[in-house]
Amino acid sequence: MKIQLFSFFLCQGLPFLIVATPPIFRGLPTSVNVGEQEYANRLIYTLTVSDVNNDNYVCNAAGTTPTPARAETEFRVLIDPQTGHYGVYAHNGSPGTSAAPNVMFDFAAQSTYQINIRCTDSNGEFREDKLEVDVIPGDRLEFTHSSDVVSVDAQTATASELIYTVSSRDLLNHSPLTYTLISVPSTNSFAIDSSSGQVRTTRTLLDETHTPVHLYISVTDGLISVQTLLSVDILNLNSQPNITNLPASVSVDEDIAGGTVIFTLTSQDLDPTDPLTHSFSVSPITAQGLFSFDSASGQFKLSATGKLDYETLSRYNVTFMISDGKTTTGPYSLTINVLNVNEECYFDRQVYYISVLEGKAGSQTINPNFVVRDYDGIQPYSLSLMNGNNSERFTIDSTSGVMTYAVDYDVDQNAMPSTVQMTVQCRDSLAKTGTALIVLTIRDANDNPPTFSQGTYTFYADQFTGFGNAIGQMTVSDKDSGSNADFSCGGSLANSASQTNTYYTVGTGCGVYFLSRTGLSYGTAIRYLVTATDKGSPPLSSTTTVNMIYIETTTTTPSTTTTTLPPSTGLDAGAVAAIVLGSLIGAFLLGTLLYFFLRLCYTGACGGSAPCDFMNCCRNRRPTMEKDPRIRVQSSKAEEMDYWKNEKGGHTKEIDTRYGRRDYPDFPRATGSQMDRISPSNIPVEFGSRGRIYPITGHRLPISYY
């Protein structure tokens, strides 16, 4: 390569050498065919030339070998003003007519020509190459249609509309003849049928923006190729909508808020009544929903919920299209560059749920296991609790996030809330912050024992107190909650070495019950140590002293206890056991009494005529109400009173003539639901106004119930 000119430039601080080079041919050397009978001026070859330095260049024919025999025949290199391309033309200075043509070639005299083609750039650099022209004897291929211009209306033209038909002939009748088409400027609106030469529209012409459109139509018979020019004048062109202000790129910070306007497009259409609509697409396609566009205002925005992230993707390519309802133009491209900015730290969860026990200041280690990240990558940060919502009662380590109590935290009796919602904040080195919610549940710890309302209790029983009856109730409270506040009582003799007890028991509900009076002397005091134990873990307990004293009551309305009791809803397990034990002891004593009573009867104690006939003896001496007319339901109260006065030697028992109710002072006295538990089995009873129990029967009770 010949180097004729070079220069030095300073490029980024380094010398840069530019070498002058000549234009470059593509496709040469090659050959083309012409018919011996050619007579009209025509293009026989189109040159393809370029210059690597983008220098301007000029091409011409530098000589032909041999020189054509006719002086009127020559080969020229000319530029097409429509395409800007150089071509090799066969030129006839005196062509004649189709009927009387002056042909350019004589195959017998000369069948081949060598044309030297030279292209020289603005620096004087040139390149030469050869085109061979071969003459086909006796042949000529030519177009025969008459017009080279056609008009079509853009507003009415339809797809596949025939606008013109070109025609041609070959002197030697070579077939088939094949047509091709190239449009300048390039457009897809027209096409030619390769066999018929029909030129048609391929679509409506509303998308066309230029007129005329030059159609370069070529026909070939397989040996010779001939080209003609058909110009299409497009009338009533639609004014194309377009975007007039779109830059190549814009830059935005990654932390812009959703809904921020990134760019406002300006569009125009010379047809003022045409409505304009826009569409856009984003690359990568997964980011399509990240942006939005308002056709009315032309505002291209970050979507309301969109968020840019430089660390994830720093560039987006947006393509716009605009339509006026007739045609769509575009694409118009915009590159969005995302700029990196410092971003806030953030927690891996929005809410942290934690459950801990109450406790003293500093006694609990509360670790929410915070995981903090930063959109900018690894960044130092500190943690703190935001003010409010009881946060002053807690402390937090700014690095680890471990929390503890700042005060003695106590949820007993609702002294402090058992559920706390606090806000934890992370802060990076540039003061960007993020927050999360802490929902802290503080559970009750078993830190309070059950407490008796008194240090010492004293309860009384007397000769009227029924077996199984409560003689007192201890009041116990526990400041804890839940199972930690549930408790039960149990008791033991204060001095088990000197005393025994079969008379009283302490129920789990902290009540004291009377079991038996057998062998119990008036004035006897028995002392119990009673312990209340809660159900917490570990269980806590406290103790009190209970004095139980058996006394004699001389009033007809006995008092069972010195403590006023609320109605009892039932006996606990200890009371039931006591009742069972008392019943067994009572049954034993009753059997013993019956035994001695029978012995007295068999020895004549009844005073009857048949001392050993116990049943007759008793019936004779103690008539029933059924046999004695004075003890009937219909009898008067006075008659019944007289009967019992005569029979009992002046001792009167009350009779209720409506129900046959009798007063049995030996029945135990009871209140509330206890009355149902101590009723003798199989005997219906009624309760009097003072707690006395009356058997309801018209018959005299067996002696075992007296």
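Note that the structure is predicted; figures quoted are calculated from it, not measured.
- A donor-acceptor pair is defined here as one N or O able to donate and one able to accept, closer than 3.5 Å; such a pair exists between the side chain of N501 and the backbone of Y504.
- In this structure, D534 contributes its side chain and D486 its backbone to no donor-acceptor pair below 3.5 Å.
- Using modelled atom types, one side-chain atom of N484 and one backbone atom of D444 make a donor-acceptor pair closer than 3.5 Å.
- A 6.0 Å sphere centred on CZ of R517 holds more than 12 heavy atoms belonging to other residues, nucleotides or ligands.
- Within a 6.0 Å radius of OH in Y346, other residues, nucleotides and ligands contribute more than 12 heavy atoms.
- Separating the OG1 atom in T423 from the CG atom in L385 is a distance of 9.0 Å, to the nearest 0.5 Å.
- No donor-acceptor pair under 3.5 Å is formed between the side chain of T524 and the backbone N or O of Y550.
- Side-chain contact between T533 and C489 is absent, with no heavy-atom pair separated by less than 4.5 Å.
- Every residue two or more places apart in sequence or in another chain was checked for a side chain to side chain donor-acceptor pair (under 3.5 Å) with R349, and none qualifies.
- Residues I366 and L440 form a side-chain contact, since some pair of their non-hydrogen atoms from C-beta on lies under 4.5 Å apart.
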TODO: Step by step, work out the side-chain contact (heavy atoms from CB on, under 4.5 Å) result for L357 and I442.
DONE: CA-CA 5 Å; L357 290 171; I442 300 95; over 6 Å; no
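- Side-chain contact between P368 and M403 is present, with at least one heavy-atom pair separated by less than 4.5 Å.
- Annotation for Y405 and S363: closest pair CD1-OG, 4.2 Å, computed over non-hydrogen atoms.
- No more than 12 heavy atoms of other residues, nucleotides or ligands sit less than 6.0 Å from atom CZ of F588.
- In this structure, R393 CZ and D408 CG are separated by 11.5 Å, a value rounded to the nearest 0.5 Å.
- No more than 12 heavy atoms of other residues, nucleotides or ligands lie within 6.0 Å of NZ in K479, so this atom counts as exposed by the packing criterion.
- Nearest heavy atoms, L339 versus Y310: C-CD1, 4.0 Å.
- The shortest distance between side-chain heavy atoms of F291 and L302 falls below 4.5 Å.
- Residues Q473 and C510 form a side-chain contact, since some pair of their non-hydrogen atoms from C-beta on lies under 4.5 Å apart.
- Annotation: side chain of E344 is not in contact with side chain of D374 (no heavy-atom distance under 4.5 Å).
- Contact between I396 and F370 at its shortest, heavy atoms only, is CD1-CE1, 4.0 Å.
- For the pair T545 and R527, the minimum side-chain heavy-atom distance is below 4.5 Å.
- I256 contributes atom CD1, which lies 12.0 Å from atom NZ of K301 (distance to the nearest 0.5 angstrom).
- Remark: the backbone N or O of A431 is paired with a side-chain donor or acceptor of D428 at under 3.5 angstrom.
- Rounded to the nearest 0.5 Å, atoms CD (Q413) and CG (D480) are 8.5 Å apart.
- Y409 and E358 get closest at one heavy-atom pair: O-CB, 3.4 Å.
- In this structure, OH on Y528 lies 13.0 Å from CG on N547, to the nearest 0.5 angstrom.
- Q425 contributes no side-chain N or O that, together with a main-chain N or O of M386, makes up a donor-acceptor pair within less than 3.5 Å.
- Nearest heavy atoms, A532 versus V476: CB-CG1, 4.1 Å.
- In this structure, D478 and P449 approach most closely via the heavy-atom pair OD2-C, 3.7 Å.
- The backbone N or O of S382 lies less than 3.5 Å from no partner atom in the side chain of S398, so there is not a single donor-acceptor pair.
- Put simply, CZ on F514 and CG on N469 are 9.0 Å apart, with the number rounded to the nearest 0.5 Å.
- For D462 (side chain) and F464 (main-chain N/O), a donor-acceptor pair under 3.5 Å exists by modelled atom type.
- A donor-acceptor contact under 3.5 angstrom links the side chains of R443 and S355, judged on distance only.
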TODO: Determine, stepwise, if the pair N448 / L540 fulfils side-chain contact (heavy atoms from CB on, under 4.5 Å).
DONE: CA-CA 7 Å; N448 294 289; L540 301 177; 5.7 Å; no
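- Side chain of Q463 to main chain of T553: a donor-acceptor pair is present (N/O by atom type, distance under 3.5 Å, no hydrogens or angles).
- Looking at P417 and N390, their side chains come closer than 4.5 Å, going by heavy atoms from C-beta outward.
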Open item on the list: For I549 and T458: C-alpha separation, side-chain torsions, deciding distance, then whether side-chain contact (heavy atoms from CB on, under 4.5 Å) applies.
Closed with: CA-CA 8 Å; I549 304 174; T458 300; 3.9 Å; yes
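- Side-chain N or O atoms of Q364 include none that pairs as donor or acceptor with a backbone N or O of T404 at under 3.5 Å.
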TODO: Begin with the C-alpha distance, continue with both residues' side-chain angles, and end with the deciding distance and a verdict on side-chain contact (heavy atoms from CB on, under 4.5 Å) for V512 and V546.
DONE: CA-CA 9 Å; V512 179; V546 180; 4.3 Å; yes
